[in-house]
Each structure stands twice: as C-alpha cells, then as structure tokens.
Enquirer: 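One structure, as structure tokens, below. Some questions next.
In what follows, chains are A, B, ... by sequence order, proteins preceding strands, each numbered from 1.
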Protein chains: 2
Amino acid sequence: MTRPTEALRPPTMADVAREAGVSHQTVSRVLSGHPNVRATTREQVTAAIERLGYRRNSAARALVTRRSRTIGVIAVDPTLYGPASTLAGLQEAARDEGYLVSTVTLRSGGGHALEDALDHLAAWGVEGAVAITPQRSSVQALARLAPPFPVVTVEGSHGLDIPGVSLDQELGARLVTEHLLATGHETVWHVAGPEDWLESAARTEGWRAVLEEHGIRPPRVLRGDWSPLSGYHAGQELAGLALAGRGAAPVTAAFVANDQMALGVLRALREAGIRTPQQVAVAGFDDIPEAGFFPPPLTTVRQDFTAIGRRSIQLLLEHIEGTAAGVEHVVVEPQLIVRASTRSQDGA
Amino acid sequence: MTRPTEALRPPTMADVAREAGVSHQTVSRVLSGHPNVRATTREQVTAAIERLGYRRNSAARALVTRRSRTIGVIAVDPTLYGPASTLAGLQEAARDEGYLVSTVTLRSGGGHALEDALDHLAAWGVEGAVAITPQRSSVQALARLAPPFPVVTVEGSHGLDIPGVSLDQELGARLVTEHLLATGHETVWHVAGPEDWLESAARTEGWRAVLEEHGIRPPRVLRGDWSPLSGYHAGQELAGLALAGRGAAPVTAAFVANDQMALGVLRALREAGIRTPQQVAVAGFDDIPEAGFFPPPLTTVRQDFTAIGRRSIQLLLEHIEGTAAGVEHVVVEPQLIVRASTRSQDGA
DNA sequence: CACTGGATTGTTAGCGCTCACACACGTCGG
DNA sequence: CCGACGTGTGTGAGCGCTAACAATCCAGTG
C-alpha cells in the first residue's frame, strides 16, 4: 500500500525534477542560484524541494566538482584554553564560508603523529588544513611532508616557508617585561614554557631583548611545561632564591610564560610566605578566564584567539582559492592586561 | 615532454589498475582487504599504489556506499574544559573506528541555533552526531527536531527518548555533600550553575537530597553562570552571610557547582578576611587542571571526560550500525578528590 | 576425459550530481 | 522575412568508486 522504497532512499534531484515537472538540470540551476531560470519555474522547484524534503547529496557534488568543502584542523592539545578558543573561532569562520571543519587531535607527539593526522585528513579529501601545532618539531615535519593540500599554521611558521597566523608573542613578552621594569624592578625573572614550543621561544626572546636593551643581564631562565604543577616547581625555586637574598639578581618580579604556570608560581610563593605583588610581582600570558581571579588577580597578556582563528581561515581560503599572494604571515597584536599581581598596592 | 595532466589530477583507481596490469575491480578488492586475491597480484597492486601515490577518493566511495564515514559533533562552548576534553576523547575514539569528526559550535543559544547546526551537519551527510549541549532547552529542541541521523547526547538526555552518556552528576554532588557533612559541618551551602543546564540541576538535586536525608533543611541556593566572576559574586554573598553570623544556617561549608566558580568564591571569601577551609570549607566540581593549585587546593569531583567521549562514540556507532539495543543511557561514575579546601589543617 | 566447484579476475551498471552542449523560443536589426 | 543573438530549458556524458554478475582458470572427481 505504501510506496515501497520511499523511506529507504532520500529523495534525489531527479525526484524533485519529476515532482516539479522540469529536468534535473533545472533543479540544479535553482539550487546553485543560477540567474537564467524563470521566476515561476524557480518557485515550482523550490516548492517541490520543500515538499520532498530534498537535500543535495554532498558526496555526489564533491565527486564531480572535486571540492569537498571541508577543512581540516590539526590540534595538539585542544584541552588547553588557547587552542580550544582558536578552534572555536576558526570553526565559526569556516562555517560562515560554507565549509565544514573536521578536527584531528595529534596523539601525543610521536614521530609519525603529524603524518598520520595529515593522512587521515587527506583520506577524507579536505581542501586544506589549519595546523595548531606550535611545536618546532611539528612545524618542521609539516614543511618536510608537503601535504597534498594547502596548510596554514597557527603560531607555527615564523620564518618557515609556510603561511601562518600568529600572535606577536615577542611583543607580548616585551610589554610585560617593560611593564615590570617600569614598576621599579631591578630585573625580571622568567619561567619559560617547553623548549620545543615556538611560542615559548618567542616569549623568552622578547623578555631577553627588553632586559638587554635596558642594560640588564638576563637571569637564568627557569622552565616549565605549561602545567600548573611545573609552575609550582619553578615557583619553589624562585622562592628559594628570593629568600636566600644573595646571588646576582634579586627576585622581585617574574614573567611566567603562561597563566596556568603562573598559578603554580603564585601558590609556591604564597606557601613560602612571600607576598605577591609586594615582595615578588608575577605576570602571566594568555589571559585565561580564571586569570582575573587568581590570588592575586594576574597581570597577563591577552590573546584574541577568536581573531586568530578567523584570520587563519581567511588565509587558508585564499590558498585554497588560489588567490593568495605568496606565503603570508599574519600577525595579531597582543594586549597587556594589568592586574593586582604586579601592582604595588597601598594597603597590607 | 612531461605528461600533460599528471600533476593536475590525482591518480585514480583505473590508473593503478593500468599500472599493475589488472582491472580496477581487483584494485578495489585489494584496498578493501578482500580475501580472494592472489598474493602476487596483491603485491603488484600494492606496489603500483605506492608508486603512484594513490589514495581512494572518499567522495566517490561515499556516493556509492551511502556512507560518509563522518560523525558530527555539536558543542555549546568548546572553550570550557569539560566539553573540550570530551571532544578530544571523542575524536580519538572516532578516529580509531575510521571515522572523521566534524565539529559545529552552537552560536550562543539562539532559537534556531541547534536546528542550524543539525542542518549544517546534515548537508555534509554525517552518519550520526554527538550533541554536547547540556542545556535543557537544547535537548528538548533535539527531541523535537528528529534529525535524519542518529544523535547521542552527552550530559543531556536524562529521562528523554534520546540515547546518551552522562556522568552521574547527582552521585558526584552527593559525594561532595556527604564529605562536607562528615567533616563536621552543620549544613552545606550551594552555589549552583545556570538553571537551564541539566548538569546544574542534577548537582543541586544531589546536594539537596543528601541534606534532606540528614534531616537538614537546605539553605537558599545561590546561583552563578559557571564563570569565575559569577562565583565571585556568590562568594561575596556567602561572605556577608558568614560574617553576619545570624540567620538560620551557619555558613561554614559551600559546595560550588564547578571549579571556575569555586575560584571566584575563594577569592571573595579571602577578600572578606575569611579563611578557607578553617572558617568556610569550599568544594567544586570538574577537577580542572588548575584546581589543585587554587588557594587552597580545591576539593572537587573528577569527571573522566575522555571516557565519556569514548563511550558516546561507542554508543553512536551502535546506533549507526543498527546494533543498538533500544535507547540506552550510559552513566559514568565520578570520583571525589579531596584537597585542602575542605580539610581542617593543623597549622595556621 | 568430460564435469563440478572453488578460487581468481574481469565486465557492466549505476550512485547523484555538475558540466558542456544542444535545443527551443523569442526579439531585434537589416 | 531571415539570420544573429539572448534567454530559458533539456540532453548526454562522466566524476571515481563499489556491487552484482560473468568469465576464466585449475584442481579434483567419477
């Protein structure tokens, strides 16, 4: 009684054509907004589409146009606030441009991790990819692998032959360091991120440059792995140095390479009985949502992750469309956010 | 001199067939691991594939098999630690099963946001989707819309006719509340999350149930929006109540519905000169990476987000493959993490 | 030595769509 | 009144693949 295959197969363009009394090609024209279709015909087709609940089959479309309208994203740790926010901005932008975003997380570092990720994306025919892989090794691998589609990096390709978007990390570090010096500190200590991370290197570089410009010999760099725990350890070391009081550089200010580690540093200092900012001022980097509620609220550098995501999509699309003018590096400006952790308060 | 179109078109199955001296069907058989292919033939084909750098065209494959091997994810705010972690676990699991994961973020709440997101995914022919949309309204919309592919919720479909995976939020809240009562507190105050969130409601429910089981009349519920700032405001209110000292319920313990808000509460208490945990004990929920470094380290409930992601993919695949046994609700157990914020310390 | 049956391989027909082209109409200028 | 043109529409081919079927080969069997 009921039509046999109706529920099984979604309606096709031919079905719509039959329903509207036109050819499938006319349906296609209506769907792709071709101008040369009579208004009445267009309406009939639209009505038929509506009636049948028709959707264009993206696989068939991709097959013939050779365009999947899909963009891949490779992210190292999408659990971190930065990558997660970038991802969100990127996804929004891509969607506005009519692209779907497929994400692949990089299984922790292993040698072939990046290659596998690219393979996975390639197997699904993405038209391009954004790599949020801010480690030196990853970017080098990327340059070596030469994937079959354009790739844009986020915080990656400084100086390499790959287009990318990045925050001016060095400027951010400079702003913080200048700020701390301007507050009256003799020198500024630094807790860096992992050596392999480009962001980490750039932040250290900015810090070092400012000190040297002021004729200050940079103290030894402490190093963490972005985690609060590693910051805690670094903080313990700083506390020890601060209390010892001797040695070349007095510990009265520290620029920590990200907010999470700064949280750990703050904790270690507090445990050692050192007050922030009165005895040791602390600044971070990222401006995670929690930063304003740290004890004390943290001076930090705000990154506009959403803008970074948006710009990277923009850049990638230029490369996909072929309108890109060479290998461009977009740089986004950071913003210094001054809070209590570096402000000598009146009270207490 | 060079072959004309070589660089333009990636090699096709026919190219491989020619190169290997077999039919394209044999190539297809090799690729899909069909058993009835002679070993020597298989090797020739494999070699030809290697030589040409051939990859199967996923669009053509999807067209004929009617399977896109793509799964969609709808996430409300992938910037939050929970959703981000779930997403990561989910993505890993899906990849292991040979699926690509495409993400769509829900533009903040708007009426048609969910519908648009589903549309977007449907347009790309996903085989199923996971919805990380823990708001009551979203889940109701989901139930109403009946998308053309199976959908599994994360923290969503309690009691609804949609399969889903969720943490036993109520149990988590119970664990915390019991713990606080066991520590000797007369009652436990509660800072809840947004009313529209199911997780929020479940946590409040668990808290209320335990108090009532102990014959304690639950104090008025304070409410935030998950953000540290909202926690800060709630904390100010709590501090006021604590210092006022009068009123029915003494403020000596608070269960805050997530760690971020707990950070704000801690800050507000500290500013009011109230010590944690000595005067007011505070517990959170989620166990974000920072929680162990809060001032003081925060007692909280750990969620295994990775497991949740994995289980949701598993569940979704069952529905895609059609092997699902009805509308299942998978529940993951939470774990209480006791830290200093609820422990009466000896010193100070 | 013809005959059966499994293993191996080839042939054919689409999947649903877009592209290139062909065709039917006008309308207009010469 | 005829050809050139522009508008709207239909026709045919084919994107690269898999599924169904057909064909072939080579034992082993009676």
Side-chain angles (χ1 to χ4, degrees), chain A residues 5-6 8-46 48-49 52-70 98 122-127 148, chain B residues 5-6 8-46 48-49 52-70 98 122-127 148:
Chain A
T5 55
E6 181 173 5
L8 291 165
R9 299 268 168 271
T12 137
M13 201 172 255
D15 295 334
V16 175
R18 204 174 311 117
E19 175 84 13
V22 297
S23 79
H24 64 123
Q25 177 60 0
T26 298
V27 177
S28 173
R29 274 193 271 258
V30 169
L31 248 32
S32 41
H34 191 98
N36 287 357
V37 177
R38 203 185 313 157
T40 55
T41 312
R42 187 182 302 276
E43 277 162 32
Q44 282 166 35
V45 171
T46 312
I49 288 173
L52 266 49
Y54 168 75
R55 311 196 94 104
R56 227 169 357 186
N57 178 320
S58 60
R61 211 166 128 71
L63 177 58
V64 66
T65 58
R66 297 161 191 286
R67 310 249 350 218
S68 64
R69 300 243 116 206
T70 297
W124 265 263
V126 300
E127 293 185 32
Chain B
T5 54
E6 181 175 3
L8 291 163
R9 298 267 168 273
T12 135
M13 201 171 254
D15 296 332
V16 175
R18 204 174 311 118
E19 175 85 11
V22 298
S23 79
H24 64 130
Q25 176 61 354
T26 299
V27 178
S28 172
R29 274 192 272 255
V30 169
L31 248 32
S32 40
H34 192 98
N36 288 355
V37 177
R38 202 186 313 157
T40 57
T41 311
R42 187 183 302 275
E43 277 161 32
Q44 282 167 36
V45 171
T46 313
I49 288 173
L52 266 48
Y54 168 77
R55 318 194 88 104
R56 239 182 332 199
N57 179 318
S58 60
R61 212 165 126 70
L63 177 58
V64 66
T65 59
R66 297 161 193 288
R67 311 248 350 219
S68 63
R69 300 242 117 206
T70 298
W124 265 262
V126 300
E127 294 184 31

Enquirer: Roughly, in whole Å, what's the span from CG in B:Asn36 to P in D:dC26?
Expert: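 Taking CG of B:Asn36 and P of D:dC26, I get 17 Å after rounding.
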Enquirer: Would you say A:Arg56 places a side-chain N or O within less than 4.0 Å of OP1 or OP2 belonging to C:dC17?
Expert: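 So the side-chain polar atoms of A:Arg56 never come under 4.0 Å of the phosphate oxygens OP1 or OP2 of C:dC17.
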Enquirer: So what is the end-to-end bend of the helix from C:dC1-D:dG30 to C:dG30-D:dC1, with 5 pairs used at each end and the value given to 10 degrees?
Expert: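 The end-segment axes of the helix from C:dC1-D:dG30 to C:dG30-D:dC1 are tilted 60° relative to each other.
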Enquirer: Give A:Thr41 one of three labels, base, sugar-phosphate or nothing, depending on what nucleic acid heavy atoms sit under 4.0 Å from its own.
Expert: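 The answer is sugar-phosphate, as A:Thr41 gets under 4.0 Å only of primed atoms, P, OP1 or OP2.
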Enquirer: Locate the shortest heavy-atom distance separating A:Ala122 from A:Pro148; write the atom from each residue and the value.
Expert: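 For A:Ala122 and A:Pro148, the tightest heavy-atom pair comes out as CB-CG, 4.3 Å.
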Enquirer: What side-chain donor-acceptor pairs closer than 3.5 Å can you find for residues 28-46 of chain B, not counting sequence neighbours?
Expert:
from    : atom 1 : to      : atom 2 : distance (Å)
B:Ser32 : OG     : B:Ser28 : O      : 2.7
B:Arg42 : NH2    : B:His34 : O      : 3.0
B:Thr46 : OG1    : B:Arg42 : O      : 2.6

Enquirer: Starting at atom CG of B:Leu63, determine the distance to atom P of C:dA13, rounded to an integer number of angstrom.
Expert: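 Nearest whole value for this atom pair: 18 Å.
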Enquirer: Between D:dG8, D:dG12, C:dT11, which nucleotide has the shortest distance from any of its atoms to the side chain of A:His24?
Expert: D:dG12
Enquirer: Can you tell which of D:dG10, C:dG16, D:dT18 lies closest to the side chain of A:Thr12?
Expert: C:dG16
Enquirer: Please report the distance, rounded to the nearest Å, between CZ in B:Arg61 and C1' in C:dG14.
Expert: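 My rounded result for the distance is 17 Å.
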Enquirer: For the residue pair A:Met13 and A:His24, what are the closest heavy atoms and their distance?
Expert: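 Nearest heavy atoms, A:Met13 then A:His24: SD-O, 3.6 Å.
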Enquirer: Rounded to the nearest Å, what distance is computed from the CZ atom of residue B:Arg67 to the C1' atom of nucleotide D:dC17?
Expert: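 In whole Å, D:dC17 C1' lies 16 Å from B:Arg67 CZ.
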Enquirer: Rounded to whole angstrom units, what separation is found between the CZ atom of A:Arg55 and the P atom of C:dG16?
Expert: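 One finds 16 Å between P of C:dG16 and CZ of A:Arg55, rounded.
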Enquirer: Find the distance B:Arg9:CZ to D:dG14:P and express it as a whole number of Å.
Expert: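 Interatomic distance, CZ of B:Arg9 to P of D:dG14: 14 Å.
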Enquirer: Under 4.0 Å between any heavy atoms, over every strand shown, what does B:Asn57 touch: base, sugar-phosphate, or nothing? Just pick one.
Expert: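 Sugar-phosphate: the residue B:Asn57, judged by heavy atoms under 4.0 Å, touches backbone atoms but no base.
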Enquirer: Please state how far atom CE in A:Met13 lies from atom P in C:dG14, giving the value in whole angstrom units.
Expert: 20 Å
Enquirer: Report, one line per pair, each donor and acceptor closer than 3.5 Å where one atom sits in a side chain of residues 56-64 of chain B; sequence neighbours left out.
Expert:
from    : atom 1 : to       : atom 2 : distance (Å)
B:Asn57 : OD1    : B:Ala59  : N      : 2.8
B:Asn57 : OD1    : B:Ala60  : N      : 3.0
B:Ser58 : OG     : A:Trp124 : O      : 3.4

Enquirer: At under 4.0 Å, does any side-chain N or O of A:Arg38 touch on OP1 or OP2 of D:dG8?
Expert: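 For D:dG8, OP1/OP2 do not have a side-chain N/O of A:Arg38 under 4.0 Å.
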Enquirer: Side-chain donor or acceptor of B:Arg29 under 3.5 Å from a matching atom on the base of C:dG10?
Expert: yes
Enquirer: Would you name the heavy atoms of B:Val126 and B:Ser68 that are closest together and state the gap between them?
Expert: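 Shortest heavy-atom contact: CA-OG, 3.8 Å.
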Enquirer: With a cut-off of less than 4.0 Å, is there a side-chain N or O of B:Arg66 near OP1 or OP2 of D:dT18?
Expert: no
Enquirer: Where do B:Ala20 and B:Ala48 come nearest, in terms of heavy atoms and distance?
Expert: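 That closest heavy-atom pairing would be CB-CB, 3.8 Å.
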Enquirer: Does A:Ser28 have a side-chain nitrogen or oxygen under 4.0 Å from the phosphate oxygens OP1 or OP2 of C:dC17?
Expert: no
Enquirer: Indicate, with a heavy-atom threshold strictly under 4.0 Å, whether A:Thr26 touches base, sugar-phosphate, or nothing.
Expert: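 Since only primed, P, OP1 and OP2 atoms lie under 4.0 Å of A:Thr26, the category is sugar-phosphate.
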Enquirer: Measure from NE2 on B:His34 to P on C:dT9 and round the result to the nearest Å.
Expert: 10 Å
Enquirer: Considering heavy-atom distances to DNA chain C, does B:Ala60 or B:Val22 have its closest nucleotide positioned more toward the 5' end?
Expert: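 With B:Ala60 and B:Val22 compared, the 5'-side residue is B:Val22.
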Enquirer: What nucleotide among D:dT11, D:dC15, C:dG14 has an atom nearest to a side-chain atom of B:Val64?
Expert: C:dG14
